[in-house]
Amino acid sequence: MKIVKTIPELQKARKELQGSVGFVPTMGALHHGHVSLIQKSLNENEHTIVSIFVNPTQFLAHEDLSKYPRKPEADIKICELAGIAILFMPDVDTMYCPLEPTLLAPSSKAYILEGFSRPGHFDGVLRVVLKLFNLTKPTRAYFGKKDAQQLYLIQNMVKTLFLDLEIIPCEIIREDDGLALSSRNVYLNHEQRKQALLLSKSLKIATRCVMAGGRDVEPIKAEMLSTLSSLHVEYVEILNRDFDTLSSIEIGNSIILVCAKVGTTRLIDNLWI
Ligand code: AMP
């Protein structure tokens, strides 16, 4: 595995790769969710590139970028053991220059849900992901369904900017008790860890409603909100796969999304039905 930090090093290492290349962009503090993306890429491509970059442009001014968990040594070991070809770990000055043209995510889809409480977040995500795609020139790039809105906006960017790569959505990896893995889970203490289970529990309750034949969105959202009543809920939404509102669930074309704060930690989860 080559660990590269600069653009010329990455470009040189990329040129040496023949055949299909899978790319997994991350912000590090790797867990089994990230590893599942890496494994899928390794299975489906001749080579895999992973990036670790805590991207400042996707954090808002008040969000504490410096406190985002960082574990570079452990991350390097995980990538090495997995058998990837290139690990790209740039610093901020490598990725950003003054006088850059701006890229804005479509506001009707980027300023709702996550983007409502984090305005501009997805502009920063698309900006860095486009740069990373240009650098790594992947055949396929792997993104978790956990960040469903991000996945949608990246798929939309690839389609509308005619980028020549395939986006591969990957299933959400959970703890045995249902909690979706997240780098942010390390912020939770023992009690908060228990409270955090309410997110996946609310999704299970929604599934039960749907399996019992329920299709109306509002009563299902009400059930979920009552499950989550002890938390500070930011949103509970049931939308179609294009992130448009629905009054009635369409099986095979709907996503149930939840975001709640446990203490000061914002957690998200979702279910594709
Ligand atoms: P992050 O490091 O949080 O930016 O995540 C990097 C990639 O890993 C994104 O595509 C995420 O959607 C994905 N990811 C994060 N958590 C999970 C999870 N629990 N299951 C599957 N994918 C995940």
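Counting starts at 1 for both ligands and their atoms, in listed order.
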Show me which atoms of ligand 1 lie under 4.0 Å from any heavy atom of I172. 20 (N), 21 (C)
Please list, one pair per line, the donor and acceptor atoms closer than 3.5 Å that link side chains of residues 18-31 to other protein atoms, with sequence neighbours excluded.
from	atom 1	to	atom 2	distance (Å)
S20	OG	E46	N	2.9
S20	OG	E46	OE2	3.4
T26	OG1	G28	N	3.0
T26	OG1	S51	O	2.9
H31	ND1	G33	N	2.9

Show me which atoms of ligand 1 lie under 4.0 Å from any heavy atom of L181. 16 (N), 17 (C), 18 (C), 19 (N)
Only heavy atoms of M27, strictly under 4.0 Å: list the atoms of ligand 1 that pass. 1 (P), 2 (O), 4 (O)
Under 4.0 Å from any heavy atom of L37, which atoms of ligand 1 are there? 7 (C), 8 (O), 10 (O), 13 (C), 22 (N)
Sequence neighbours excluded, the answer for side chain to side chain donor-acceptor pair (under 3.5 Å) partners of K131 is E100
Only one of L239, V217, I112 clears side chain to side chain contact (heavy atoms under 4.5 Å, CB included) with T245; which? L239
Per-atom filter on ligand 1: closer than 4.0 angstrom to a heavy atom of F143 are 10 (O)
Identify the closest protein heavy atom to atom 12 (O) of ligand 1: which residue and atom is it, and at what distance? D147 OD2, 2.6 Å
Give the residue, atom name and distance (to 0.1 Å) of the protein heavy atom nearest atom 5 (O) of ligand 1. H34 NE2, 3.4 Å
Enumerate the atoms of ligand 1 whose separation from the nearest heavy atom of E171 is less than 4.0 angstrom. 20 (N), 21 (C)
If you count the non-hydrogen atoms of other residues, nucleotides and ligands that lie under 6.0 Å from NZ in K201, is the total more than 12? no
Starting from atom 10 (O) of ligand 1, which protein heavy atom do you reach first, and at what distance in Å? G144 N, 2.9 Å
Report, in ascending order of atom number, the atoms of ligand 1 lying under 4.0 Å from any heavy atom of P25. 6 (C), 7 (C)
Lys/Arg N to Asp/Glu carboxylate O, K221 vs D216, below 4.0 Å: no
So, E16 and K12, do they make that salt bridge, N to O below 4.0 Å? yes
State whether the number of non-hydrogen atoms from other residues, nucleotides or ligands found under 6.0 Å of D242 atom CG is greater than 12. yes
Could you tell me whether R266 and E114 have a side-chain N and a carboxylate O separated by less than 4.0 Å? yes
Does a side-chain N-to-carboxylate-O contact under 4.0 Å join R118 and D123? no
For H31, counting its heavy atoms only, list the atoms of ligand 1 lying under 4.0 Å from any of them. 15 (C), 16 (N), 17 (C)
of all protein heavy atoms, closest to atom 20 (N) of ligand 1 is I173 N, 2.8 Å
Proximity flag K145 to ligand 1, non-hydrogen atoms under 4.0 Å: no
